[in-house]
Number of protein chains: 2
Amino acid sequence: MVEVKSRRGEYTGATRRALLDAAARLFTERGFAQTSLDDVAADARVTKGAIYHHFASKTGLFEALFDELEHTESGAARAAFEACEDPGAGVVAALDQFLRACSEPVYGALVFREAPLALGWDTLQRYEAKYSYGLLTDMLGALRGTGRIPIWGGDALPRVVFGMLSAAGQLLARTPPEDVERVRAECRVPFTALLVGLSSTTDS
Amino acid sequence: MVEVKSRRGEYTGATRRALLDAAARLFTERGFAQTSLDDVAADARVTKGAIYHHFASKTGLFEALFDELEHTESGAARAAFEACEDPGAGVVAALDQFLRACSEPVYGALVFREAPLALGWDTLQRYEAKYSYGLLTDMLGALRGTGRIPIWGGDALPRVVFGMLSAAGQLLARTPPEDVERVRAECRVPFTALLVGLSSTTDS
DNA sequence: GTCAGTCACATACCCCGAGTATGTTCCCGA
DNA sequence: TCGGGAACATACTCGGGGTATGTGACTGAC
């Protein structure tokens, strides 16, 4: 998090940032697999050596980018959730915040389109556990605390809900700007319906 | 679909089948990216030349495998759906059939774990449109016909539902056999809840 | 003031694996 | 029996991720 304060000013931090920005652009436009490290280095006006000085591998470069995006976004969603007294309203607010973030081209494309391809499902799930997934279980737990949804056993419910969020995010990431508003409204339907359904479901 | 009836018997068809079987095994165990074509060829007792004689590329090999699996599975799910008079019961039956198929190691691993990585989202969506996605919209349409769920505009709802199915499938594919029964029951919860919620949702 | 040490890269290289080009064998029909 | 094509095998290219090594600039110690 805190950048190493090099004695030689922020020259080194600047190249690292340039690499992350270049990677964000190219990975978003061409995709992770279709972008070579030489492309990223050239776009940042350096060579491949600089990449491997700052990051462990091509995957490591993507991970740093991904971690950055998820950190800020999950923070915003959690803030939206905790700003509300009522957990039910908090969930809706967090969902709205999330759907807005997905409409932003870079976040949607990298997190929901490229991340599985770049990191693989195992690594991706570790990050999910760290960020969005943890927030999601917190929110579901708060809802359960109010008796609004039933007790559940394993983690099937949050996983499936997360699948819904991924699908919505991926859909929004592919939606042209002029339709975003309408699609975002459509995306809210299944989530509110699920909440309604869960609240009227008795334990079995 | 119909195999070319070579004059020299089914020797050529046999190698093609051996290649598909070897690919299914290795892709399931090690994953698509971690399996080289030489590995597949060696496992089938042939060389890489045989692969490129029968398939256009590594992706093409996976596609043939994927298409085969999806064809049989979507057929089974559709049969389960159409065997019921009531669309509501049909949806439940199709869901059960689907969740059972996901518990089978090869189908779950290849379709929900490897397919996005091997084919990419665009190609994958074309296959979804051909198979599971088409069935899904048919089922939702039948439910809509009975007035059990509201009218919806775009394709956000089926997409999100498909995301739920993918998450459930992926979860089941990673579940050890002794827990499959329990997890499968847990997976049914959000789907039935969604149906309940949709049926009690009025148009907005 | 100079010299060892290290940071921040650049350059040159290795190697694996997908894809290709070409060779070879067997069979069939003319 | 001979041309031809199907069904592979063999040998090769090449792009890109990863590595090993070189190099200049700065810094802190003595």
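Computed over heavy atoms, backbone and side chain alike; hydrogens, waters and symmetry mates excluded. These numbers come from a predicted model, not from an experiment. The chains referred to below are lettered A, B, ... by the order of the sequence lines, with proteins before strands, and numbering in each begins at 1.
- Contacts between residues 21-49 of chain B and DNA chain C, counted as heavy-atom distances below 4.0 Å, involve B/Thr35, B/Ser36, B/Leu37, B/Lys48.
- Annotation: ring-ring contact (aromatic ring centres under 6.0 Å, His included) contacts of A/Phe112 (sequence neighbours excluded): A/Phe98.
- Between A/His53 and C/dA8, a side-chain N or O to OP1/OP2 separation shorter than 4.0 Å is present.
- Within the structure, side-chain hydrogen bond (donor to acceptor under 3.5 Å, both in side chains) pairs that include any residue of residues 40-50 of chain A comprise A/Arg25-A/Asp43 (at least two apart or interchain).
- Checked against side chain to side chain donor-acceptor pair (under 3.5 Å), A/Glu70 has the following partners two or more places apart in sequence or in another chain: A/Tyr107.
- Every residue meeting the side chain to side chain donor-acceptor pair (under 3.5 Å) condition with B/Asp96, not counting sequence neighbours, appears here in chain and number order: B/Arg188.
- When all heavy atoms are compared, the tightest approach of A/Pro190 to B/Leu194 is O-CD1, 3.4 Å.
- For the pair A/Lys58 NZ and D/dG16 C1', the computed distance is 8 Å after rounding to whole Å.
- Across its full length, the helix from C/dG1-D/dC30 to C/dA30-D/dT1 shows an angle of 10° between the axes of its 5 terminal pairs at either end, rounded to 10 degrees.
- A/Tyr131 and A/His71 have perpendicular rings, their planes meeting at more than 60° on a 0 to 90° scale where under 30° would count as parallel.
- Here the side chain of B/Lys130 pairs no donor or acceptor atom with the backbone of B/Asp67 at under 3.5 angstrom.
- Contact annotation: B/Ser57 does not reach the phosphate of C/dA18 (side-chain N/O to OP1 or OP2, under 4.0 Å).
- The pair B/Arg100-B/Glu104 does not meet the salt-bridge criterion, since no charged nitrogen lies less than 4.0 angstrom from a carboxylate oxygen.
- Candidate nucleotides C/dT20, D/dC8, C/dC9 were compared by shortest atom distance to the side chain of B/Tyr52, and C/dT20 ranks first.
- Atom-to-atom, CD1 of A/Ile51 to C1' of D/dA20 comes out at 17 Å; the value is rounded to the nearest Å.
- Note on B/Arg17 versus B/Glu68: salt bridge recorded, some NZ/NE/NH1/NH2 to OD/OE distance being below 4.0 Å.
- Distance, B/Phe55 CZ to C/dA18 P: 15 Å, rounded to whole Å.
- Side-chain N/O atoms of A/His54 include one lying less than 4.0 angstrom from OP1 or OP2 on C/dC9.
- Nearest to the side-chain atoms of A/Ala50 among the listed nucleotides C/dA18, C/dC9, D/dG18 stands C/dC9.
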